[in-house]
A.B. asks: 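The structure follows.
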Amino acid sequence: MTASSNATASPRRILLTGAAGGLGKVLRQTLKPYASLLRLSDIVEPQAPGENEEVVVCDLADKAAVDQMVKGMDAILHFGGVSVERPFEEILGPNISGTYHIYEAARRHKVGRVIFASSNHVIGFYKQTETIDALAPRRPDGYYGLSKSYGEDLATFYFDRYGIETLSIRIGSSFPEPQNRRMLSTWLSYDDLTQLIVKGLDAPELGHTVVFGMSDNPHVWWDNRLAAHLGYEPQDSSERFRAKVEEQPQPAADDPAALYHGGAFVAQGPFEEV
Ligand SMILES: NC(=O)c1ccc[n+]([C@@H]2O[C@H](COP(=O)([O-])OP(=O)(O)OC[C@H]3O[C@@H](n4cnc5c(N)ncnc54)[C@H](O)[C@@H]3O)[C@@H](O)[C@H]2O)c1
């Protein structure tokens with residue numbers, strides 16, 4: 001095992017994968033104050049670079065291209081890949097090989113810190129009547145959740161073996177506002193997501209820390225005490241959207257959206273090969 005890195009060293013050159021995606025576009029703006037250089041990458045061309053920005057079009061499944069993309073960076077925010085449930089064959093390249101390529105490149109280029117966009121779908125099969133912490137066994141709810149679970153395993157391995165530190169954020173639902181009843185529990189505001197990332201970059205010691213990415217919502221199923229060292233203090237709450245969300249019809253009692261942490265994802269598939 002090697003010593004942990006100090007991510008607060010400046011200048012801070014940060015690679016953001018998934019930069020053309022929903023969260024990537026937001027983080028590109030909110031993270032500006034925390035980076036001396038933001039290298040923005042995606043398989044589709046992100047918007048043209050502004051001041052202190054670079055753009056790299058790269059397929060995460062391409063190991064050599066990922067290696068070049070990571071060169072010269074101090075930290076990686078790994079948000080790229082397939083972000084919904086899909087057949088295994090579609091997940092394999094971007095999420096499974098892709099995340100491996102990110103860690104291999106981090107090792108080769110001595111990047112000490114990764115913020116990994118993990119997902120609640122790593123533990124999606126827990127019932128909404130159960131409250132869990134980060135030590136609860138993972139219960140992935142599909143191939144997408146399995147790929148994020150593998151990403152968390154990579155994070156543990158690359159810390160144990162090479163000292164590369166990771167904050168895995170099991171993002172709940174990060175959108176401008178909660179869109180349904182389940183999201184009243186799982187919602188993560190963009191500001192709170194940004195705070196989590198910055199805490200992950202600044203923490204003196206991270207090892208591999210797993211944190212549930214949720215705002216200060218009143219009724220939650222996740223306990224973040226094991227990530228208390230981050231000092232994360234969410235500033236938003238889904239409560240102000242409750243009345244609006246509750247105008248929607250109640251889901252049926254046996255609807256997965258009302259039963260499982262992972263909601264509708266638990267009932268997707270199988271994906272039959274024809
Ligand atoms: N938004 C949420 O609520 C939420 C919840 C849980 C986890 N996450 C995770 O956060 C990350 C960002 O989520 P998002 O909502 O912005 O998703 P998104 O689908 O909008 O963005 C993902 C980006 O990854 C890119 N991508 C896909 N395949 C690629 C490949 N082979 N090579 C390079 N880039 C590729 C896509 O082009 C896209 O721009 C994802 O990893 C997602 O799994 C998001």
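Atoms within a ligand are numbered from 1 in the order they appear, just like the ligands themselves.
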A.B. asks: Is the ring centre of Trp221 less than 6.0 Å from the ring centre of Phe212?
C.D. replies: no

A.B. asks: Could you tell me which residues satisfy side-chain contact (heavy atoms from CB on, under 4.5 Å) with Asp62, sequence neighbours excluded, listed by chain and number?
C.D. replies: Asp59, Ala64, Ala65

A.B. asks: May I have every N or O pair linking ligand 1 to the protein at under 3.5 Å, one per line with atom names and distance?
C.D. replies:
unit_1   : atom_1 : unit_2 : atom_2 : d
ligand 1 : 3 (O)  : Ser174 : N      : 2.7
ligand 1 : 16 (O) : Gly22  : N      : 3.2
ligand 1 : 16 (O) : Leu23  : N      : 2.7
ligand 1 : 17 (O) : Ser83  : OG     : 3.3
ligand 1 : 19 (O) : Ser83  : OG     : 2.7
ligand 1 : 20 (O) : Gly22  : N      : 2.8
ligand 1 : 24 (O) : Gly81  : N      : 3.0
ligand 1 : 24 (O) : Gly81  : O      : 3.3
ligand 1 : 31 (N) : Asp59  : OD1    : 2.9
ligand 1 : 32 (N) : Leu60  : N      : 2.9
ligand 1 : 34 (N) : Ile43  : N      : 3.3
ligand 1 : 37 (O) : Asp42  : OD1    : 2.6
ligand 1 : 39 (O) : Gly21  : N      : 3.1
ligand 1 : 39 (O) : Asp42  : OD1    : 3.4
ligand 1 : 39 (O) : Asp42  : OD2    : 2.7
ligand 1 : 41 (O) : Phe79  : O      : 3.1
ligand 1 : 41 (O) : Lys148 : NZ     : 2.9
ligand 1 : 43 (O) : Tyr144 : OH     : 2.5
ligand 1 : 43 (O) : Lys148 : NZ     : 3.2

A.B. asks: Sequence neighbours left out, what pairs pass side-chain hydrogen bond (donor to acceptor under 3.5 Å, both in side chains) with at least one residue falling in residues 78-87?
C.D. replies: Thr17-His78, His78-Thr99, Arg86-Glu90

A.B. asks: Filter on salt bridge (charged side-chain N to carboxylate O under 4.0 Å, His left out), then keep only pairs touching residues 116-131, sequence neighbours left out; what's left?
C.D. replies: none

A.B. asks: Charged N to carboxylate O below 4.0 Å: is that the case for Arg138 and Glu152?
C.D. replies: yes

A.B. asks: Please assess Arg108 against Asp67 for the test salt bridge (charged side-chain N to carboxylate O under 4.0 Å, His left out), listing each intermediate value before the final yes or no.
C.D. replies: CA-CA 8 Å; Arg108 284 169 47 80; Asp67 187 75; 2.7 Å; yes

